[in-house]
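As the structure lists them, so they are numbered: ligands from 1, and atoms in each ligand from 1. The residues of the chain are indexed from 1 along the displayed sequence. These values consider heavy atoms only, across backbone and side chains, with no hydrogens, waters or symmetry-generated copies. Source: prediction; values computed, not measured.
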Amino acid sequence: MAIYVGFDVSTQSLTAIAIDVSGTRREVVFERSLGYDADFPAYGTTHGVLPREDPLVATSSPLMWAEALDRMMGILGRESGLDLAQVRAVSGSGQQHGSVYLNAHARTVLAGLDAARPLVEQLGGVFTRKASPIWMDSSTARQCEEITRALGGAEAVSRLTGSVAFERFTGPQIRKFHEYDPASYKRTAMIHLVSSYGASLLAGRHAPIDPGDGAGMSLMDLARRQWSPAALAATAPDLLGKLPPLAESWSVVGSLAEYWRRRHGLPAAKVVAWSGDNPCSLVGVGLAGEGEVAISLGTSDTLFGTMREARTDPTLAASVFGAPTGDYMALLCFKNGSLARERVRDAARLDWPGFSRALRDTRPGNRGALMLPWFEAEITPNVLEPGVRRYGGLEPESGPANVRAVVEGQMMALATHSRWMGVEVREIRATGGAAANAEILQVMADVHGAPVRRLKVGNSACLGAALRAYHADELSEGRRVPWKEIVSGFVEPEDPPVQPTAGLGAMYAELTRVYAACEAHALGKGPEPVPLIAAFRTRFGT
Ligand code: XUL
């Protein structure tokens, strides 16, 4: 019997999944989530974000993440019913880009954690910055410009690091920190990502960053998988000495620190390097090759797929990260995911069944009524001034039409911005909370003209982390198990797939063109789309 545990420190919750891979048995034997807002109310978060005045700023609490990890370990140790002695390795996934700032004292504290006292009581003095900027932050536009200029322009940054310097990426955030609080920056001995911070807590020592998450910092040379001296110099002084080393995603960082063994009864299992949530999801959805893409409908909506080589997006919207398999992955991130669907649902005074009903009762194509759902500043495309844009006569009061407009808009944005990958989408694997909604998946299948398969395990990032622990454990014992075999039995899609509705292909192809024109207009890059919408209505009926 061999048990592997994956953790996921995500935006709104911390999840743990344990898998059992004994012989032919392949089973998820434990799954549990703790929501920050409800389970850790003392931190005062809303959807996992600390109170804020500036809507462009988004931070969370690294102490809260540690407390959540400690509580989850307690649950694993006392309530899970697992045979803990069989836990061979653990790994994790972290919301990407978020950063944790530690002083020189942290090294000693991590190495000497006292099992008699809760983790949070011991970590109080290790942070040089109490609030961690997270991926929802868009407050670093100026820093992005400065870094971009220093590195020779947006195309150059994209070629070097895999993405342009996005506001949420860690490098621009570090530059801002250095600018606003140089004294605290100076006292910072180590800057971790959420992922490497999680691994460090588990191993009781500073853990490395993997190329999956490292690529989301605007600091890593993507092709070489090394810190880029030019990018470091363009960001902040003395940065190299404050970063953990980069190490392959399957590196064994150490074993579970004594704290976890004594306090919660866990064994000396291997701690495998953590990675970002999207790289972990790539494994957790079992993506085998080019042509298969996954869409994750979570707090953010993301679309991602594997690439053998490090191609970058000529339109500069997408990011390319190292994949934890050693390949590369392309990713598109839309900040207005579940939060936008919730806002529309609330405005229409519906519950989720009512939201689904509205999708069933409205007509595909929405009679040319379109929404650019930018409730929050958007990442794809880059929109710093939030505000929903409506076209084709859609009004905020239009009720069910807004429901169809938000979902169709999201799906068309995914289709438009992933075109550069040149991948003919044969199948979509759907994951994340909103993938439970069959009506949303139907719109996904219709807009993309491809079958959609929902995966049995909703939290693909967390499952991916557990599978990575399994893979790394085997590798460290000298067994190179192919990825197909690692994921088999865990990532089987639920049957039957959601098939695209016959006869809608031409309509959605046209509507997606209209949507792209609306987007260009809203960004001040294109003419009024009114004639296009009129032509669409003439051709496809009103
Ligand atoms: C990806 C991104 C988000 C976060 C949180 O670039 O910003 O998907 O990883 O899920």
Side-chain angles (χ1 to χ4, degrees), residues 7-15 36 47-49 58-60 65 92-99 132-140 144 158 161-173 193-198 209-220 222 274-285 294-305 312-313 316-324 328-340 376-382 410 413-414 417-418 431-435 458-462 464-465:
F7 299 95
D8 178 28
V9 180
S10 75
T11 317
Q12 307 199 45
S13 57
L14 183 140
T15 303
Y36 304 133
H47 298 302
V49 181
T59 62
S60 192
W65 297 330
S93 139
Q95 49 173 307
Q96 290 200 255
H97 319 297
S99 41
S132 288
I134 61 164
W135 67 276
M136 295 173 90
D137 189 288
S138 334
S139 69
T140 60
C144 289
S158 172
T161 68
S163 319
V164 295
F166 284 111
E167 281 77 4
R168 69 193 190 285
F169 276 36
T170 323
Q173 295 290 342
L193 291 177
V194 178
S195 57
S196 59
Y197 170 62
I209 287 177
D210 89 308
D213 224 7
M217 300 174 80
S218 305
L219 296 174
M220 191 184 89
L222 184 71
W274 287 34
S275 186
D277 56 349
N278 294 298
C280 286
S281 277
L282 188 79
V283 174
V285 299
I295 294 180
S296 165
L297 303 175
T299 305
S300 63
D301 287 347
T302 56
L303 177 147
F304 52 85
T312 50
D313 176 6
L316 306 178
S319 298
V320 179
F321 301 138
Y328 293 90
M329 67 178 287
L331 172 108
L332 282 162
C333 178
F334 300 80
K335 201 200 267 184
N336 287 281
S338 285
L339 294 183
E376 299 255 349
E378 181 49 69
I379 291 168
T380 313
N382 195 348
Q410 290 176 323
L414 284 159
H417 292 285
S418 58
T431 174
N459 193 331
S460 55
C462 196

Identify the protein atoms, limited to N or O, that lie within less than 3.5 Å of an N or O atom of ligand 1, and list each pair with its distance to 0.1 Å.
| unit_1 | atom_1 | unit_2 | atom_2 | d |
| --- | --- | --- | --- | --- |
| ligand 1 | 6 (O) | His97 | NE2 | 2.6 |
| ligand 1 | 6 (O) | Arg168 | NE | 3.4 |
| ligand 1 | 6 (O) | Arg168 | NH2 | 2.8 |
| ligand 1 | 7 (O) | His97 | NE2 | 3.3 |
| ligand 1 | 7 (O) | Arg168 | NE | 2.8 |
| ligand 1 | 8 (O) | Asn278 | ND2 | 3.1 |
| ligand 1 | 8 (O) | Ser300 | OG | 3.2 |
| ligand 1 | 9 (O) | Gln96 | N | 3.1 |
| ligand 1 | 9 (O) | Asp277 | OD1 | 2.7 |
| ligand 1 | 9 (O) | Asp277 | OD2 | 3.3 |
| ligand 1 | 9 (O) | Asn278 | ND2 | 3.2 |
| ligand 1 | 10 (O) | Asp277 | OD2 | 2.4 |

Q: Would you name the heavy atoms of Ser163 and Val320 that are closest together and state the gap between them?
A: OG-N, 3.8 Å
[X] side-chain N/O to [Y] backbone N/O, donor-acceptor pair under 3.5 Å:
X: Tyr36; Y: Val49; answer: no
X: Tyr328; Y: Gly322; answer: no
X: Gln173; Y: Met217; answer: no

**Q.** Sole residue of His97, Arg168, His417, Gln96 in side chain to side chain contact (heavy atoms under 4.5 Å, CB included) with Cys333
**A.**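 Answer to the side chain to side chain contact (heavy atoms under 4.5 Å, CB included) test with Cys333 among His97, Arg168, His417, Gln96: Arg168.
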Q: Could you walk me through whether Ser132 and Trp65 pass side chain to side chain contact (heavy atoms under 4.5 Å, CB included), step by step?
A: CA-CA 10 Å; Ser132 288; Trp65 297 330; 3.7 Å; yes
